[in-house]
Amino acid sequence: MRPIRKRFPEFHFRFVLVTTLAITSQKGGVGKTTLSINLAYAFARSGRKTLLVDTDPQGSVGLSLTRQSRHLSGFYDFLENPVMNVAELIVPTRLPTFSLVAAGQSSAYEFGSGPVVGNVHRIRGFVSQIRAMKYDVCIFDTAAGLFGVTADVLGVSSGVMVPQQSEPLGVRSVPKMLEALTRMRAVNPSLQILGVVLTMVKKELSESLESAQALRGLLPEEMVMQTEIPRNDLYVQASARGLPVGVMAEGAETLAIFEQLRLELEQRINPPIPT
Ligand SMILES: Nc1ncnc2c1ncn2[C@@H]1O[C@H](COP(=O)(O)OP(=O)(O)OP(=O)(O)O)[C@@H](O)[C@H]1O
Ligand SMILES: [Mg+2]
């Protein structure tokens, strides 16, 4: 008998190879949301059908999409409501390959106090539904820390990336963070630790450059992305509007940086995202 892959190529393709990336960090304010939005935009621009999901109850992904975005149902409503479908939550953008799911309304989770039992199962359901909708890539922006819903998201993700601000105080905590993520592989052996991305790098500041070097010294070479995200006020302007910076008139340079990061990531993601 021919193997399943040959008999049902589409089934195999979609069933096995959906790429779900969680963007996590121990610390807050390191650039998770900025990375999530801009990386998702880079995947979408490359032609991948991409879904950006806000799993941070304080989240601001897509804040500016519509005036009503704060009232949209989203990820937390899906966790709470067993009959809700992902299709009801999807917010399209001007780029046909790029859609969003907002964090939603459910306040029970706001301080990490919501019921956790059953979340992993429900998030697995979320992933199967987007798989059926033929998304290629799903990026989960998460709240800081590795507990609660973020841990549940990691329990079903195929990869995780860690942004790290290029400043002296933050760098030392990164190896511990990676150890914690490695322990999560006991729960989810398919979780690929894709590496750390240096963010807010300020080339003209010696402390910033030294921190970047220190991190590269602390970790195995392959654990730190070659691409670094420079500090640039455009990110603040774009994130205040919940937008990818590349849609702004002055954003061409940042588009190139995130495209480079996407290409670097695509070389690491295993199994590769289908083309
Ligand atoms: N490369 C950058 N250059 C300048 N400012 C940046 C850069 N990346 C992010 N910022 C700004 O830093 C702040 C924190 O970034 P962001 O919201 O992405 O972090 P976060 O890790 O998602 O935070 P939280 O843990 O609160 O969710 C925001 O005001 C954002 O605009
Ligand atoms: Mg955030």
Side-chain angles (χ1 to χ4, degrees), residues 21-42 52-65 69-70 74-76 100-104 109-112 139-151 153-154 157 160-167 169-171 173-174 177-178 180-181 194-205 207-209 211-212 215 224-248 250-262 264:
L21 302 180
I23 310 295
T24 60
S25 72
Q26 196 74 269
K27 279 182 70 182
V30 296
K32 292 179 294 298
T33 301
T34 306
L35 175 65
S36 303
I37 294 176
N38 292 288
L39 187 63
Y41 187 61
L52 173 61
V53 183
D54 193 349
T55 76
D56 180 357
Q58 321 272 325
S60 54
V61 162
L63 205 62
S64 70
L65 277 184
S69 68
R70 282 192 180 281
F75 183 72
Y76 283 90
L100 311 172
V101 169
Y109 298 90
E110 201 117 311
F111 299 101
I139 294 191
F140 291 112
D141 181 22
T142 68
L146 291 183
F147 46 83
V149 172
T150 300
V153 167
L154 288 166
S157 295
V160 56
M161 243 178 123
V162 180
Q164 176 56 49
Q165 206 170 333
S166 187
E167 46 115 277
L169 285 177
V171 159
S173 63
V174 177
M177 166 79 181
L178 294 178
L181 287 173
L194 291 160
V196 177
V197 191
L198 279 157
T199 64
M200 307 193 209
V201 179
K202 204 167 177 177
K203 291 271 184 231
E204 58 286 5
L205 192 69
E207 286 81 357
S208 179
L209 284 187
S211 306
L215 185 73
V224 189
M225 299 281 165
Q226 289 304 314
T227 311
E228 295 179 355
I229 301 164
R231 181 176 282 278
N232 183 338
D233 288 343
L234 270 185
Y235 289 104
V236 184
Q237 289 166 5
S239 76
R241 295 161 57 199
L243 287 174
V245 71
V247 302
M248 295 176 67
E250 312 88 328
E253 200 180 306
T254 65
L255 276 182
I257 291 166
F258 277 92
E259 176 58 5
Q260 190 185 320
L261 182 61
R262 176 190 74 82
E264 202 184 337

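In what follows, residues are counted from 1 in the order of the sequence shown. Counting convention: from 1, in listed order, for ligands and their atoms alike.
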Kindly confirm or rule out an N or O of [X] lying under 3.5 angstrom from an N or O of ligand 1.
| X | answer |
| --- | --- |
| Thr33 | yes |
| Gly31 | yes |
| Asp141 | no |

For [atom], the protein heavy atom that lies nearest, with its residue and separation:
| atom | value |
| --- | --- |
| atom 6 (C) of ligand 1 | Tyr235 CB, 3.9 Å |
| atom 4 (C) of ligand 1 | Asn232 O, 3.1 Å |
| atom 11 (C) of ligand 1 | Val236 CG2, 4.1 Å |
| atom 18 (O) of ligand 1 | Thr34 OG1, 2.5 Å |
| atom 12 (O) of ligand 1 | Met200 CE, 3.6 Å |
| atom 14 (C) of ligand 1 | Gly29 O, 3.9 Å |
| atom 29 (O) of ligand 1 | Ser239 OG, 4.1 Å |
| atom 25 (O) of ligand 1 | Lys32 NZ, 2.8 Å |

Need the ligand 1 atom indices (1-based, order shown) with element for anything under 4.0 Å from a heavy-atom of [X].
| X | value |
| --- | --- |
| Asp56 | 27 (O) |
| Ile229 | 1 (N) |
| Gly28 | 25 (O) |

Subject >> Per-residue contact class, Asp233 against ligand 1 - non-hydrogen pairs under 4.0 Å >> reply: neither
With heavy-atom distances below 4.5 Å as the criterion, would you say the side chains of [X] and [Y] are in contact?
| X | Y | value |
| --- | --- | --- |
| Leu198 | Met225 | no |
| Ser36 | Leu52 | yes |
| Asp141 | Thr55 | no |

Original post:
Is the closest heavy atom of Pro230 to ligand 1 under 4.0 Å?
Top reply: yes
Subject >> Contact check, Val30 vs ligand 1, heavy-atom distance below 4.0 Å >> reply: yes
Original post:
Hey, is the Mg ion (ligand 2) within less than 2.8 Å of some N/O/S atom on Gln58?
Top reply: no
Original post:
Side-chain donor-acceptor pair under 3.5 Å between Glu264 and Thr227, yes or no?
Top reply: yes
Original post:
How many angstroms lie between CG in Leu39 and CD1 in Ile139, if you round to the nearest 0.5 Å?
Top reply: 4.0 Å
**OP:** Could you tell me whether a side-chain N or O of Ser25 sits under 3.5 Å from a main-chain N or O of Gln164, the two making a donor and an acceptor?
**Re:** no
Original post:
Within 4.0 Å of atom 2 (C) of ligand 1 (strictly less), any protein heavy atom?
Top reply: yes
Original post:
Thinking salt bridges, do Arg231 and Glu167 make one under a 4.0 Å N-O criterion?
Top reply: no
